[in-house]
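Here is how names work: the chains are called A, B, and so on, in the same order as the sequence lines, proteins then strands, and each is numbered from 1. Note that this is a predicted model, so its numbers are computed, not measured.
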Number of protein chains: 2
Amino acid sequence: MGKATKRTVTIRDVAAAADVAVGTVSRVLNDHHSVTKPVRERVQKTILTLGYQRNAIAQSMRSSRTKMVACAIRDFDIPAFASYVKAAEATFRSAGYTFILASTANAKDVELSLLQTFTQRRVDGVMMTMSDETDPDLVYAITNAAMPVVLIDRELVQSVDSVSADHRSGARQATEYLLSLGHRRIALLVGDPKAYPSRSRIEGYTEAHRAFGIQVDPHLVRDRLLSNEATFRETAALLGRSERPTAIYAAGLDTLSGPLRAVRTAGLVVGKDISIVGGNDSDLAELNTPPITALRWDRSEMGRHAAEMLLDRIDQGSQSPPRRIRLPVSLVVRGSCRPI
Amino acid sequence: MGKATKRTVTIRDVAAAADVAVGTVSRVLNDHHSVTKPVRERVQKTILTLGYQRNAIAQSMRSSRTKMVACAIRDFDIPAFASYVKAAEATFRSAGYTFILASTANAKDVELSLLQTFTQRRVDGVMMTMSDETDPDLVYAITNAAMPVVLIDRELVQSVDSVSADHRSGARQATEYLLSLGHRRIALLVGDPKAYPSRSRIEGYTEAHRAFGIQVDPHLVRDRLLSNEATFRETAALLGRSERPTAIYAAGLDTLSGPLRAVRTAGLVVGKDISIVGGNDSDLAELNTPPITALRWDRSEMGRHAAEMLLDRIDQGSQSPPRRIRLPVSLVVRGSCRPI
DNA sequence: ATCTGTCAATGAACCGTTTCCAATCCGCGC
DNA sequence: GCGCGGATTGGAAACGGTTCATTGACAGAT
């Protein structure tokens, strides 16, 4: 055939070539039982010959299920998020779902606009964070979303599923460890308390102080630090104070390198002049000299749990009550803290 | 409103409520000029009242353009990839495209199956790597794909667009730097030479030796090392040899921590007993004690370039010849290498 | 007053599947 | 030989948009 076939081959072309009805081809494609063996084989051969590729768009159109899920997180170049997302993607893919990913930059308008995009694309489910758990627009958009939502490390919206880490317990462990070494001026560097992780870290930090009967110095609690530039600056400021902290708990997901740089810049030595606990274990923490004591939880498992939870919810609908998984956090003690 | 709205609202519902034809609603949605102002406003108000959300599936069905692009890379929890992917996603999103992401685990069958999935989903374009640039199945699948493809850090398939870093130049700089310090036994740790990065790093390494008139010891070139477990093992083995290397060039994207661990385990000190150059700059390299000399290129720019290239290709079709961008790589000298 | 041209708006066809109902075919028991 | 039931297959409707030919209305020209 000299004629160049521009048009992509459809189920109708297959039907014509195999001399059957379109319905029959569809049944072959979907492994429906009531197709006789010779017909099935003829159709399958034709599919291969013509190089037919099923059109998922048309399929979704008819079935009103897209087999797509979306994930919106703050920034996926944060290593801790990356391993989380990777595990989720793998779980979705092996369940036959395609995975859409977007960064929100922790901005409300981006979150809302992504949610709208996902709605228009008719994804079957969404995994996401929220910049502010108390924002009414965000809460409304999420609780009234057209598709199931699983929240990541957010707990305030009670009516949807969520997966989180037990940051409060982690923060308490870290702080009590430092207190038990005799530290009394422990700086806490966290992100935005409008979101669960930072809020609960502050709680854990405060609880630990209360348990030790020690007053928290509010000047030592520095929040809204979302980048290493911010933690660098803040650490430098803290180290410049007259009564500088003897320990720093850098509680964010990806905010250890800032303090390390600041300490180095100030000409101090970690584990000698100042103690540090990292909020999130990493190669950087483990391989630093000295290795940094840090909190740890299983990020892959978190991603897997979230994905499975969403898949469950997609299958079973909204009848069952919202589920909540909270993963344990543990302290890995290394050499970055010295007793006072 | 007590009535539970089961069915999602369609363009037809809007048309009925606003008392116009469906075509008119469509033209309002698409900002077509020939809609009179009062009608336009009436329709827009109705859209808001009913909470109508355009169905992207139906839209794609009719227009046969999905406004979706897909990206398949080895493993997106490798930080270097993550920043690359993040920049690409941002570029696509601001162009109105939705971003599908998947890990290939560097496995041929996964790559092929993802390519098929993307075809069936009728994505408008694909950004990807290949585990083996010489594999005929992969080459065939990519060159005959139904949609434009931009290759990432792959150069053998000439007929498609690609964006890569100049790893050969990088490797040559790293190796010449070590040679100029007097090192003569330089171990090279790379990934799989079936892909461009490792292949060209071996070339650069070899070229540098030739330029210095020095014979390459094939025992010192260790390839197919794709993880830090592998580079740890290999480094440990090299350090255990009678004539151990005086320098290690850990050329992979995410293979610095393995050698660092191995050196530490062997009781040696980086920058004193052994010199190390990292193939890819990172926090780990910068904050190590001593800081590690490493290669660097702009990963965000790489992602942006790749995305823009793909968008161009989607717009203009395949008439223009394949483009090729190769980003410069530079050596950041720090304190991990000592002269012999 | 009639004709022409322009501009808005209508309504139906179409995109490629799935699914349901109807039609056909087959073998089997009477 | 005939009726019947079950298994296959055919054919059409439906999903929710976009687009195009068509209609209707109205202003301006003759």
Name the nucleic acid region contacted by A/S26, choosing base, sugar-phosphate or nothing; use a 4.0 angstrom heavy-atom cut-off, strictly under. base
If you count heavy atoms of other groups shown closer than 6.0 angstrom to CG of B/D19, is the number above 12? no
Are more than 12 heavy atoms, taken from residues, nucleotides or ligands other than A/N30, located less than 6.0 Å from that residue's CG atom? yes
Using a heavy-atom cut-off of 4.0 Å across all strands, would you classify A/V20 as base, sugar-phosphate, or nothing? sugar-phosphate
Reckon B/S63 touches a base, only the sugar-phosphate, or nothing at all at heavy-atom distances under 4.0 Å? nothing
Give a yes/no answer on whether the side chain of A/R62 brings an N or O atom under 4.0 Å of OP1 or OP2 in D/dG16. no
Scan B/S34 against the nucleic acid and name what it touches under 4.0 Å (heavy atoms): base, sugar-phosphate only, or nothing. sugar-phosphate
Give the rounded distance in Å between these two atoms: CG of A/N30 and P of C/dC20. 13 Å
Is the distance from OP1 or OP2 of D/dG16 to the nearest side-chain N or O of B/Q59 less than 4.0 Å? no
Suppose we screen for side chain to side chain donor-acceptor pair (under 3.5 Å). Which residues come up paired with A/E41, at least two apart in sequence or across chains? none
Any side-chain N or O of A/R54 under 4.0 Å from OP1/OP2 of C/dT18? yes
In whole angstroms, the gap separating P of C/dG16 from CZ of B/R65 amounts to 16 Å
Atom-pair distance (CG on A/N55; C1' on D/dC15), nearest Å: 13 Å
Base, sugar-phosphate or nothing for B/R27? Non-hydrogen atoms, less than 4.0 Å. base
Using the rule side chain to side chain contact (heavy atoms under 4.5 Å, CB included), only one of B/R62, B/M61, B/R121 pairs with A/I57; which is it? B/M61
B/R12 vs A/G23, nearer the 5' end of DNA chain C by closest nucleotide: B/R12
Look at B/S64 and C/dC15 and indicate whether a side-chain polar atom (N or O) is within less than 4.0 Å of OP1 or OP2. no
Taken to the nearest whole Å, CE/B/M61 to P/C/dT18 is 11 Å
Is there a side-chain polar atom (N or O) of B/T36 under 4.0 Å from OP1 or OP2 of C/dA8? no
Could you tell me how far apart A/I11 (CD1) and D/dG10 (P) are, to the nearest whole angstrom? 13 Å
Do B/R122 and B/S60 have a side chain donor and acceptor closer than 3.5 Å? no
Give the rounded distance in Å between these two atoms: NE2 of A/H32 and P of D/dT8. 10 Å
Can you check the B/L29 CG to D/dT19 P distance for me, whole Å? 12 Å
What is the distance, rounded to the nearest whole Å, between atom CG of B/D19 and atom P of C/dG11? 10 Å
